[in-house]
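Below: one structure, written as structure tokens.
All of these numbers come straight from a predicted model, not from anything done at the bench.
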Amino acid sequence: MKNTFIALSLAVAAMSAAAPHADACSRVVYHGDNGLMIVGRSLDWKTPIPTNIYVYPRGMEKQGNVTESAVRWTSKYGAVYAVSYDGGITEGMNEKGLVINGLFCKGTVYANDSTAGRPDMSLSVFVGWLLDMNATTREVVDVLRQQDFSISGATFDGGTVSALHWGITDATGETAILEFDHGSVRIYEGDSLDILTNDPTYPQMTAINDYWKKVGGGNMLPGTVKSPDRFVRASYFNNHVERVADPQIGVSIVRSVLQNVSVPYLYTVDLAAEPNVSSTQWRSFCNIPARLYYFDIVTNLGLYYIDLKKCDLRPGAKVMKLNTAENTAAVGEVNRLLVPSAPFTPMY
């Protein structure tokens, strides 16, 4: 018993050392019966992040920055994006069922000497570029391994740098995790990549989770809002819920798992000790087979969704927008609330 206590104490200390200032976002991939697959994520931050929903059609000419050397492309697929501050794509799902979510990962460094001179790609449209041009996780991984781009991005919220890593899942269930290590692309692939939170890096996080698997979640689970604790809880519960075919029940399951690992709204904390732990602002859920994109703002009354299959994604169709601040009482399908809009202005 004494040895078990000492081992547990050392593991907790290691987690604290690994993530002293954990940002709070979480991602869960749920595999149900009969092909049901739902990707859920929470977005947490210290101040409200105004986020609107945009639907973009195919065939739009876009660029990765305003520089001469910027990446340029014409979109092959239509997609729904969550756009924060009306200036940067946080996540999205395209018409082929590819889902990409960006989560904070402190310590991320995008560039090194070898990336200098490569075509410019702003973080504000990076997710959009990948969704616009790829149908599968494998295609995204191939593009990333080539790394024929140099990532940059404007700061936000008073000078915060967007240090991110990404979870990528397609309609077949293939998932990859993308991280940047001092300018080098690190891609993790496999059958058990269903959970993502923040720092430390993914290999370190899975090592922490492996320890808690031996402890056994039925006996004890770490309960703080720190990133490793949320990863462990999300992993345990995602592996101990029923596998259902009903999509509404499936969304409810993922929603409840994310609520378990979310940070309570207006949670108070010693900011000197935990400056980056923040309240959950919103959650999203992608029902990949049905192409439904759900949005769940914690201060709103209900959960609503956009049916991407009902959107006009033909080349030449209008960009459509849902202003979330003007539709706080929305619930259920909200395609009717989408209105024609100019494209958002990227924060290059």
Side-chain angles (χ1 to χ4, degrees), residues 23 54 56 58-77 79 81-85 87-94 96 98-157 159-170 174-189 193 196 198-203 343-348:
D23 299 292
Y54 284 80
Y56 273 50
R58 311 172 208 113
M60 293 186 67
E61 294 184 1
K62 302 181 184 181
Q63 60 190 53
N65 214 314
V66 293
T67 60
E68 288 291 328
S69 64
V71 178
R72 287 174 169 78
W73 69 96
T74 300
S75 59
K76 293 170 61 176
Y77 307 111
Y81 310 134
V83 181
S84 295
Y85 302 103
I89 301 173
T90 303
E91 64 170 25
M93 175 174 64
N94 71 16
K96 294 297 184 180
L98 180 67
V99 176
I100 302 178
N101 313 91
L103 284 70
F104 268 82
C105 185
K106 181 169 51 65
T108 296
V109 177
Y110 299 112
N112 57 32
D113 291 342
S114 68
T115 63
R118 296 179 185 177
D120 293 321
M121 172 56 64
S122 169
L123 284 171
S124 63
V125 293
F126 179 59
V127 169
W129 173 52
L130 296 176
L131 290 172
D132 288 352
M133 302 303 291
N134 300 283
T136 67
T137 298
R138 177 54 43 198
E139 290 179 13
V140 174
V141 168
D142 290 344
V143 169
L144 296 173
R145 290 202 188 283
Q146 295 176 22
Q147 202 176 352
D148 189 21
F149 55 86
S150 178
I151 285 189
S152 62
T155 60
F156 71 100
D157 197 22
T160 300
V161 176
S162 292
L164 302 171
H165 58 177
W166 292 266
I168 305 159
T169 302
D170 66 18
E174 184 175 0
T175 294
I177 305 296
L178 163 64
E179 296 183 336
F180 283 84
D181 179 9
H182 295 87
S184 297
V185 167
R186 299 282 184 260
I187 300 173
Y188 306 100
E189 303 174 79
L193 303 175
L196 184 64
N198 311 107
D199 52 88
T201 59
Y202 195 74
F344 74 91
T345 302
M347 297 189 297
Y348 291 124

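At least one side-chain heavy atom of L98 sits under 4.5 Å from a side-chain heavy atom of T137. Using a 4.5 Å cut-off on side-chain heavy atoms (C-beta onward), V127 and T90 make no contact. Annotation: side chain of I89 is in contact with side chain of F344 (closest heavy-atom distance under 4.5 Å). Contact of the F104 side chain with the L164 side chain is registered, since non-hydrogen atoms from C-beta on lie closer than 4.5 Å.
Of all the heavy atoms in W166 and G102, the pair that sits closest is CD1-CA, 3.4 Å. Of all non-hydrogen atoms in P343 and M60, the two that sit nearest each other are CG-CE, 4.1 Å.
With sequence neighbours excluded, no residue forms a side-chain hydrogen bond (donor to acceptor under 3.5 Å, both in side chains) with T108. Legend: residues meeting ring pair (Phe, Tyr, Trp, His ring centres under 6.0 Å) with Y56, ordered by chain and number and at least two apart, are Y81. Partners of S124 by side-chain hydrogen bond (donor to acceptor under 3.5 Å, both in side chains), not counting sequence neighbours, listed by chain and number: S122.
Among residue pairs with one or both ends in residues 111-135, those qualifying as salt bridge (Lys or Arg N to Asp or Glu O under 4.0 Å) are K62-D132; sequence neighbours excluded. Identified under the salt bridge (Lys or Arg N to Asp or Glu O under 4.0 Å) test for residues 140-152, with sequence neighbours left out: R145-E189.
Classified by interplanar angle (parallel below 30°, tilted 30° to 60°, perpendicular above 60°), the ring pair F149/W129 is perpendicular.
For the atom pair OH of Y110 and OG1 of T115, the computed distance is 12.5 Å after rounding to the nearest 0.5 Å. Distance check, rounded to the nearest 0.5 Å: CE of M93 to OG1 of T169 gives 12.0 Å. Of the inter-residue distances, the one linking N101 atom CG with L196 atom CG reads 8.5 Å to the nearest 0.5 angstrom. Put simply, CD on Q63 and CH2 on W73 are 8.0 Å apart, with the number rounded to the nearest 0.5 Å. Distance check, rounded to the nearest 0.5 Å: CD1 of I168 to OG1 of T136 gives 10.5 Å. From K96, atom NZ reaches atom CG of D170 across 12.0 Å, with rounding to the nearest 0.5 Å.
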Run the side-chain donor-acceptor check on residues 176-187: report pairs under 3.5 Å with partners two or more places apart or on a different chain.
from, atom 1, to, atom 2, distance (Å)
E179, OE1, Y202, N, 3.4
E179, OE2, H165, ND1, 2.8
E179, OE2, Y202, N, 3.1

